[in-house]
Amino acid sequence: MSLRIYNTLTRQKEPFVPVESGKVKMYTCGPTVYKPAHIGHMVGPVIFDTVRRYLEYLGYEVIWVLNITDVDDKLIARAREENTTVRELAERHTLDYLECLRALQVQGIRFMPRATEHIPDMIRIIEGLIARGHAYVADGDVYFDVTSDPDYGKLCHRDPEQMAAGARIEVSEKKRHPGDFALWKSAKPGEPSWESPWGLGRPGWHIECSAMSMRYLGETLDIHGGGLDLQFPHHENELAQSECFTGKPFVRYWMHNGLLKFGQTKMAGSLGNVVNVHDLLQRYPGETLRFFLLSTHYRSPIEFSEERLEALHKSLGAFYRFFERYQRITGKSFYDVSAPTRYQELALVNGSFAKEIQQLRQRFLQEMDDDFNTQGAIGVLFGLLTALNRFADEHHLEDAAHREAAPLARFEQAVVVLRELTQILGLFLSPLAVSVSARDRLVSDLVQILLDVRNECRKQKQFALADMIRSRLTELGIVVEDRPGGTTWRWQQ
RNA sequence: GGCCCCUUAGCCAAGCGGCCUAAGGCAGCGGUUUGCAAAACCGCCAUUCCCGGGUUCGAAUCCCGGAGGGGCCUCCA
């Protein structure tokens with residue numbers, strides 16, 4: 001196996017080799033916490049969480065840093081509107097963000113630094129940049145001098161001179177070159193501010209990522225991730241100031257995820273076409289949302305639509321039904337199946353079934369190796385599901401009286417592979433939250449009574465009556481299923 | 001104006017020069033199973049990859065041109 005990652009810097013897939021063998025330093029840009037998280041904010045976290053899971057599966061130790069921007073123009077404006085402090089506003093939305101991450105099974109973020117907690121680090125870098133002639137002070141502001149960096153523009157293929165021709169860059173009297181960007185902004189009255197060698201002020205946007213990545217991960221990162229919209233100017237600027245400061249390569253692999261679209265255009269707070277994660281979680285399990293975000297290659301744009309979510313939610317049902325089947329067969333919960341979390345050679349009992357499972361696993365890993373092709377991997381998962389169901393059918397595994405021990409053992413081994421692979425994608429980690437309120441319990445008791453009556457009818461060949469009970473239940477969204485081992489029911493998806 | 005990217009069946013979506021007479025899912029249609037269903041399983045569902053040229057023994061995949069769509073150049077995941 002050999003992992004290849006598409007690197008924005010070189011625009012091609014490259015074999016993945018971290019700086020330090022066995023260790024991966026990964027930094028991703030988190031949100032500016034001035035509004036509740038929308039579904040577009042979840043794309044990066046879900047993808048990089050999956051990247052992290054796969055890297056760990058391959059045996060790496062992954063140190064993942066995701067920052068929180070808790071001071072900027074939007075936060076200041078918003079806090080004023082809501083008549084609260086920047087700090088309170090940021091805190092509230094950080095909590096919201098974290099809740100959403102949890103719902104989508106995004107785990108393993110080692111450090112989550114906040115910009116306001118790293119002002120001294122930023123000041124140190126700015127001072128260094130001034131000393132090295134890459135930045136200049138202008139009336140309490142400090143700007144990065146893009147003309148001082150011959151490499152400036154290498155990430156996005158931009159030439160400062162050409163950009164100067166573009167009329168959309170903010171014109172400022174203080175800047176020497178239109179492409180120069182603020183490292184430090186002098187404070188206006190009433191704004192949050194910090195002491196600095198250039199007077200009271202606050203940091204520019206890009207400097208925080210340079211400072212925090214350096215603080216937690218050192219001068220060279222293995223992976224730097226973020227949305228495509230951050231490529232320019234944010235990452236370009238981050239790259240320039242970091243390399244000018246350290247004189248070392250800043251990032252080995254730049255990864256950019258595609259943007260979430262709403263209709264034809266991207267979903268963005270500034271466009272007002274956002275769908276909050278919180279609202280969405282009222283209607284769909286976090287698992288469905290995660291599955292949705294993994295159902296397209298991470299570099300492609302993905303269009304949000306309820307129809308799509310609905311279709312995916314349905315397709316996920318095949319897995320849940322299988323887990324129930326597994327439970328019927330073995331008496332055990334799929335969620336308790338333990339599988340290797342690290343790659344190792346698979347030793348299955350010989351036979352065509354074992355061989356098929358082996359091949360499917362191989363294909364899954366190949367898809368993941370190919371720049372994290374999650375959609376390709378999901379396709380394989382469906383194939384695995386079919387193989388498992390077919391095997392259970394052929395060997396009558398649900399019929400306890402007639403099944404044999406050997407096939408059952410082979411089946412269980414294969415289920416371990418399903419567990420191994422699905423956990424790499426962060427799927428099916430825990431049972432879907434089911435309400436266990438007293439009312440729900442009453443519903444299930446009542447349904448059970450009706451099913452008992454219906455089965456009595458069936459015994460007496462009163463099929464019309466039996467069918468009536470079933471169809472009336474179906475109308476209520478309760479699906480009745482007769483099986484060799486007895487009758488079961490579930491909620492229609 | 002500059003810099004990127006996308007276009008595959010009714011819909012979503014893999015594919016990265018030969019295993020493609022193109023994965024997988026949703027929808028649809030047959031069949032096995034079932035008292036009838038549901039579920040599961042089996043099978044069908046793009047001779048074709050936006051259009052036109054070219055390179056190559058060979059292209060959905062590479063190059064050129066055209067049409068349509070998107071992102072960035074201002075805050076944005």
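Below, chain A is the first sequence line, B the second, and so on; all start at residue 1.
Atom CG in A/L259 sits roughly 18 Å away from atom P in B/C4 (whole-Å rounding). Between the CD atom of A/Q460 and the P atom of B/G35 there is a distance of 17 Å, given to the nearest Å. Nucleotide B/G35 holds its C1' atom 13 Å from the CG atom of A/N455, rounded to whole Å. One atom, CD of A/Q366, and another, C1' of B/A23, lie 13 Å apart when rounded to the nearest Å. Spacing between atom CG of A/N67 and atom C1' of B/A77 amounts to 11 Å, rounded to whole angstrom units. Atom NE2 of A/H234 is separated from atom C1' of B/C4 by 19 Å (rounded to the nearest Å).
Residue A/M267 is classed as a base contact, given a heavy-atom separation below 4.0 Å to a base. Among the heavy atoms of the strands, none lies under 4.0 Å from A/G383. Residue contacts shown for A/S315 are limited to sugar-phosphate atoms, with no base heavy atom under 4.0 Å away.
Comparing B/G54 with B/U21, their P atoms sit 22 Å apart, to the nearest whole Å. Comparing the same atom, P, in B/C29 and in B/G65 gives a spacing of 47 Å after rounding to whole Å. The P atoms of B/C16 and B/A59 are separated by 15 Å, rounded to the nearest whole Å. Rounded to the nearest Å, the gap between the C1' atom of B/A13 and that of B/C6 is 14 Å. Taking the C1' atoms as reference points, B/U8 lies 16 Å from B/G68, given to the whole Å. Nucleotides B/G28 and B/G2 have their C1' atoms positioned 48 Å apart, rounded to a whole Å. Distance check on atom P: B/G43 versus B/A23 gives 13 Å, rounded to whole Å. The same atom, P, is picked in B/C50 and in B/A14; the two are 14 Å apart, to the nearest Å.
Between A/H396 and A/H402, the distance separating the two ring centers is not shorter than 6.0 angstrom. Ring centers of A/Y143 and A/F181: at least 6.0 Å apart, outside the cut-off.
With sequence neighbours excluded, the residues satisfying ring-ring contact (aromatic ring centres under 6.0 Å, His included) with A/F391 are A/F353, A/H395. Residues satisfying the ring-ring contact (aromatic ring centres under 6.0 Å, His included) criterion with A/F262, sequence neighbours excluded, are absent altogether. By the ring-ring contact (aromatic ring centres under 6.0 Å, His included) test, A/F111 pairs with A/Y216, sequence neighbours left out. Shown here are the salt bridge (charged side-chain N to carboxylate O under 4.0 Å, His left out) partners of A/R325, two or more places apart in sequence or in another chain: A/D393, A/E398. In this structure, the salt bridge (charged side-chain N to carboxylate O under 4.0 Å, His left out) partners of A/E306, at least two apart in sequence or on a different chain, are A/R283.
No side-chain N or O of A/T8 forms a donor-acceptor pair with one of A/R11 less than 3.5 Å apart. Inspection of the A/N237 and A/Q241 side chains reveals no N or O donor paired with an N or O acceptor under 3.5 Å. Residues A/R290 and A/T50 have side chains that bring a donor and an acceptor to within less than 3.5 angstrom of each other.
Across every non-hydrogen atom of A/H256 and A/G227, the tightest pair is CD2-O, 3.4 Å.
A heavy atom lying under 4.0 Å from RNA chain B marks none of the residues of residues 353-361 of chain A. Contacts between residues 462-470 of chain A and RNA chain B, defined by a heavy-atom separation under 4.0 Å, are made by A/F463, A/D467, A/R470.
Residue A/K261 places no side-chain N or O under 4.0 Å from the OP1 or OP2 atom of B/C6. Between A/H41 and B/A77, a side-chain N or O to OP1/OP2 separation shorter than 4.0 Å is present. Phosphate contact (OP1/OP2 of B/A77, side-chain N/O of A/T32, threshold under 4.0 Å): present.
Here ring-ring contact (aromatic ring centres under 6.0 Å, His included) pairs that include residues 447-487 of chain A, with residues two or more places apart or in two chains, number zero. Applying the ring-ring contact (aromatic ring centres under 6.0 Å, His included) test to residues at least two apart or on different chains, the pairs with a partner in residues 362-387 of chain A are A/F319-A/F382.
When the shell of 6.0 Å around NZ of A/K154 is examined, it contains more than 12 heavy atoms from other residues, nucleotides or ligands.
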Could you list the donor-acceptor pairs under 3.5 angstrom formed by side chains in residues 32-46 of chain A, with sequence neighbours left out?
| from | atom 1 | to | atom 2 | distance (Å) |
| --- | --- | --- | --- | --- |
| A/K35 | NZ | A/G269 | O | 3.4 |
| A/H38 | ND1 | A/H41 | ND1 | 3.4 |
| A/H41 | ND1 | A/H38 | N | 3.0 |

Within the 4.0 Å limit for protein heavy atoms, which parts of nucleotides 7-20 of chain B are touched? Write it as a string from 5' to 3', B for base, S for sugar-phosphate only, - for none. -----SSSSB----
Letter by letter from the 5' end, nucleotides 38-43 of chain B scores (B base, S sugar-phosphate only, - none; protein heavy atoms under 4.0 Å) BSSSS-
